[in-house]
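Report on the following structure.
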Amino acid sequence: DCLLSRGLGDVYKRQGALLGAMKWAFAFSVLLWLMESAGVTLPVEYSSQSIIYPYLLAYGPVIIDWVSVILPYAKDVVTSIKELIYIEPS
C-alpha cells in the first residue's frame, strides 16, 4: 500500500509541475498578446532567434478560444481589456 501511494505521489507531483508550467505559460502568453495589441513588441533580435516565442505567443489566444466555447464571455473580457490598453499610433 505504501509503495502504491509513493508511486502515485510521484505521478501527482509531475502532473502538478506540468500544470504549473502550463499556467505560467498561459499567463505570460496573455501578457505578450496584450502587449502586442497595445503596440509593444519585443525587439526582433530577441524574438527572431527564439524557438519558444512563436508558440508562446499563440498559446494564450488558442486557450482563450477553447475556453470561450464553454464560457462565451471570456472572449468579450479579453476584447474589453485590449480596447482599454490600445494606444493610438502617433
Side-chain angles (χ1 to χ4, degrees):
D1 189 42
C2 182
L3 184 61
L4 179 62
S5 66
R6 180 170 181 239
L8 288 178
D10 291 342
V11 170
Y12 291 151
K13 286 178 186 177
R14 287 188 181 100
Q15 288 175 343
L18 179 63
L19 183 62
M22 290 172 64
K23 288 189 303 185
W24 275 100
F26 174 71
F28 193 61
S29 176
V30 169
L31 178 66
L32 288 173
W33 184 31
L34 292 173
M35 284 174 47
E36 189 174 84
S37 297
V40 179
T41 57
L42 290 177
V44 176
E45 59 266 9
Y46 295 125
S47 59
S48 66
Q49 296 177 357
S50 175
I51 297 169
I52 294 176
Y53 181 74
Y55 299 106
L56 190 60
L57 195 58
Y59 182 63
V62 167
I63 298 298
I64 294 289
D65 285 340
W66 288 353
V67 169
S68 66
V69 170
I70 299 167
L71 305 169
Y73 62 86
K75 202 159 205 155
D76 295 336
V77 169
V78 173
T79 302
S80 297
I81 292 171
K82 285 169 64 174
E83 288 172 357
L84 285 172
I85 64 169
Y86 180 72
I87 300 170
E88 280 291 324
S90 52

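The first residue of the sequence shown is numbered 1, and numbering continues consecutively from there.
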Path from [X] to [Y] over hydrophobic side-chain contacts below 4.5 Å:
X     : Y     : value
Met22 : Trp24 : no
Val69 : Val67 : no
Val62 : Leu19 : no

Would you give me the side-chain donor-acceptor pairs under 3.5 Å for residues 46-60, sequence neighbours excluded?
{"from": "Ser47", "atom 1": "OG", "to": "Pro43", "atom 2": "O", "distance (Å)": "3.4"}
{"from": "Ser48", "atom 1": "OG", "to": "Val44", "atom 2": "O", "distance (Å)": "2.8"}
{"from": "Ser50", "atom 1": "OG", "to": "Ile52", "atom 2": "N", "distance (Å)": "3.4"}
{"from": "Ser50", "atom 1": "OG", "to": "Tyr53", "atom 2": "N", "distance (Å)": "3.0"}

